[in-house]
Amino acid sequence: MMTAKLVMMMIASVAFGAGAPVASGLALTETELYFELNDSAGDLGIHSSIDGGPYVKLEIDDPRDRKLLLMTAHGKLARQGMTQFFLESAEPNFAQLSPAAFFKRFPEGEYEIEATDRDGNEFEASVALSHVMAARPGNITAAGVPAVNCDAAVLPVIAAPIAIDWDPVSHSHPTIGNSGPVEIDRYQLFVEVEGVKFGIDLTPEMTEFEIPAEILAVGGRVKFEIIARTSTGNNTAVESCFLLE
């Protein structure tokens, strides 16, 4: 799956808002912990992005105070200190790990993030994880042509200009996770053409975007991904492919 860590962001991102630092002497400026569903591939993962510091030890505990992560810097890295950490778990398909089994591993509730600096000072943040996942973006088209899965035997051939369009997401996923109210924080669109990658953040009101001509000029097979990100931080992604005429 394409991720925001690998692409050029064309609109300045707002703070991801999945969690906020608890008052302390050291600001943990980013404390994300969230689930990502690839509804096309049929897999789930847990992701985290933490910024702040410098710290030499990082710990994440679940709502039952069970340790999920313990990372400690040593030697020269400890003297230097760490300030940013990004985690993306393995994402086995549903035949290997069902959504129910996945969510049982990572229960809903408050997760504690704790960082420790070289002097032994501890700085904590709390992040709420929800099992409510957004439904997949539906009725996706590329230049008016219905989107197909990248594994389709025949991919549509489309001529530029190409605008990607989809229906707004307003409800939770019908079969995966818990049902409940969903508020979309933003959409993300990622496009990859023969190794050239492009990504953009879009407001909840923006459900159409024209792929820049410079990206399409590369020619060949195009893969694109739309992510619906909820106000609780969870992501639901759908992927599609087509060929350029």
Side-chain angles (χ1 to χ4, degrees), residues 1-38 43-92 97 102-130 185-186 188 190 192 195-201 225 227 229-235 237:
M1 181 185 299
M2 294 177 282
T3 69
K5 299 296 176 182
L6 301 177
V7 299
M8 173 181 64
M9 305 308 295
M10 299 301 292
I11 292 181
S13 297
V14 297
F16 282 157
V22 175
S24 72
L26 171 68
L28 290 173
T29 56
E30 183 177 54
T31 53
E32 295 185 24
L33 190 65
Y34 58 94
F35 298 122
E36 184 158 299
L37 164 67
N38 185 328
D43 60 52
L44 275 161
I46 186 168
H47 296 209
S48 181
S49 182
I50 299 167
D51 205 354
Y55 51 84
V56 297
K57 181 181 176 183
L58 185 65
E59 182 177 334
I60 301 178
D61 296 330
D62 76 3
R64 300 175 189 172
D65 204 31
R66 298 176 299 189
K67 205 178 309 297
L68 289 184
L69 175 76
L70 178 60
M71 182 175 65
T72 305
H74 295 277
K76 294 179 180 179
L77 181 58
R79 292 198 295 272
Q80 187 74 16
M82 301 180 290
T83 62
Q84 191 171 39
F85 173 75
F86 178 74
L87 164 71
E88 181 175 342
S89 74
E91 297 173 342
L97 181 67
F102 172 85
F103 285 123
K104 187 175 181 180
R105 286 182 178 178
F106 305 104
E108 288 185 309
E110 296 289 326
Y111 286 68
E112 298 298 323
I113 298 174
E114 183 179 290
T116 306
D117 69 13
R118 288 188 303 172
D119 298 322
N121 299 309
E122 296 180 349
F123 315 99
E124 296 182 350
S126 180
V127 181
L129 266 184
S130 169
D185 178 72
R186 68 181 179 274
Q188 294 175 298
F190 301 108
E192 182 174 353
V196 176
K197 299 176 182 180
F198 167 85
I200 188 168
D201 282 2
E225 177 182 53
I227 293 178
R229 186 177 182 90
T230 69
S231 58
T232 62
N234 289 337
N235 288 340

Visitor: Taking atom CG of Leu69 and atom CG of Asp62, what is their separation to the nearest 0.5 Å?
Guide: 12.5 Å
Visitor: When you look at CZ of Arg66, are more than 12 heavy atoms from neighbouring residues, nucleotides or ligands closer to it than 6.0 Å?
Guide: yes
Visitor: Got a second to check how far Phe198's CZ is from Glu192's CD, nearest 0.5 Å?
Guide: 13.5 Å
Visitor: Under a 4.5 Å cut-off applied to non-hydrogen side-chain atoms, are Thr116 and Phe123 in contact?
Guide: no
Visitor: Please report the interatomic distance CD(Glu124) to OG(Ser126), rounded to the nearest 0.5 Å.
Guide: 9.0 Å
Visitor: Quick one, Asp117 and Lys57 - any side-chain contact, counting heavy atoms below 4.5 Å?
Guide: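 They are not in contact (no side-chain heavy atoms under 4.5 Å apart), so the answer is no.
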Visitor: Looking at Pro54 and Gly81, what are the two nearest heavy atoms and their distance?
Guide: CB-CA, 4.1 Å
Visitor: Can any side-chain N or O of Asn234 pair as donor or acceptor with the backbone N or O of Ser130 at less than 3.5 Å?
Guide: yes
Visitor: So do Ile60 and Ser48 actually touch side chain to side chain, heavy atoms under 4.5 Å?
Guide: yes
Visitor: Any side-chain heavy atom of Glu114 sitting closer than 4.5 Å to one from Glu112?
Guide: no
Visitor: Would you give the length of the straight line joining atom CZ of Phe106 to atom CG of Leu129, rounded to the nearest 0.5 angstrom?
Guide: 9.5 Å
Visitor: For the residue pair Gly45 and Ser89, what are the closest heavy atoms and their distance?
Guide: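 Residues Gly45 and Ser89, closest heavy atoms: CA-OG, 3.4 Å.
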Visitor: What is the distance from atom CG of Leu68 to atom OH of Tyr111, rounded to the nearest 0.5 Å?
Guide: 6.0 Å
Visitor: Passes side-chain contact (heavy atoms from CB on, under 4.5 Å), Ile200 versus Phe190? Steps please.
Guide: CA-CA 7 Å; Ile200 188 168; Phe190 301 108; over 6 Å; no
Visitor: For atom CD of Glu110, is the number of surrounding heavy atoms from other residues, nucleotides or ligands below 6.0 Å larger than 12?
Guide: yes
Visitor: Listed by chain and number, what are the ring pair (Phe, Tyr, Trp, His ring centres under 6.0 Å) partners of Phe85, not counting sequence neighbours?
Guide: none
Visitor: Could you check if a side-chain atom of Asp51 sits within less than 4.5 angstrom of a side-chain atom of Thr31, using non-hydrogen atoms only?
Guide: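 In short, these two side chains do not touch, never coming nearer than 4.5 Å.
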Visitor: Tell me, do Asn235 and Tyr34 make a side-chain contact under 4.5 Å, heavy atoms counted?
Guide: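 They are in side-chain contact.
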Visitor: Would Arg186 and Ile227 satisfy side-chain contact (heavy atoms from CB on, under 4.5 Å), going step by step from the backbone distance to the final call?
Guide: CA-CA 8 Å; Arg186 68 181 179 274; Ile227 293 178; over 6 Å; no
Visitor: Is Arg118 positioned over the aromatic face of Tyr55, cation under 6.0 angstrom from the ring centre and no more than 45 degrees off axis?
Guide: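 No.
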Visitor: Aromatic contact between Phe35 and Phe102, with the criterion being ring centroids under 6.0 Å apart: yes or no?
Guide: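 Yes - the distance between ring centres of Phe35 and Phe102 falls below the 6.0 Å cut-off.
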Visitor: Of Thr72, Leu70, Ile113, which is the lone residue that meets side chain to side chain contact (heavy atoms under 4.5 Å, CB included) with Glu59?
Guide: Leu70
Visitor: For a 4.5 angstrom cut-off between non-hydrogen side-chain atoms, does His74 reach Arg79?
Guide: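 The answer is no, as the side chains (C-beta and beyond) never meet within the 4.5 Å cut-off.
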Visitor: Starting from the C-alpha separation in whole Å, work towards a yes-or-no answer on salt bridge (Lys or Arg N to Asp or Glu O under 4.0 Å) for Arg229 and Asp185.
Guide: CA-CA 6 Å; Arg229 186 177 182 90; Asp185 178 72; 5.0 Å; no
Visitor: State the CD1-CE distance between Ile50 and Met82, to the nearest 0.5 angstrom.
Guide: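 Interatomic distance, Ile50 CD1 to Met82 CE, rounded to 0.5 Å: 10.0 Å.
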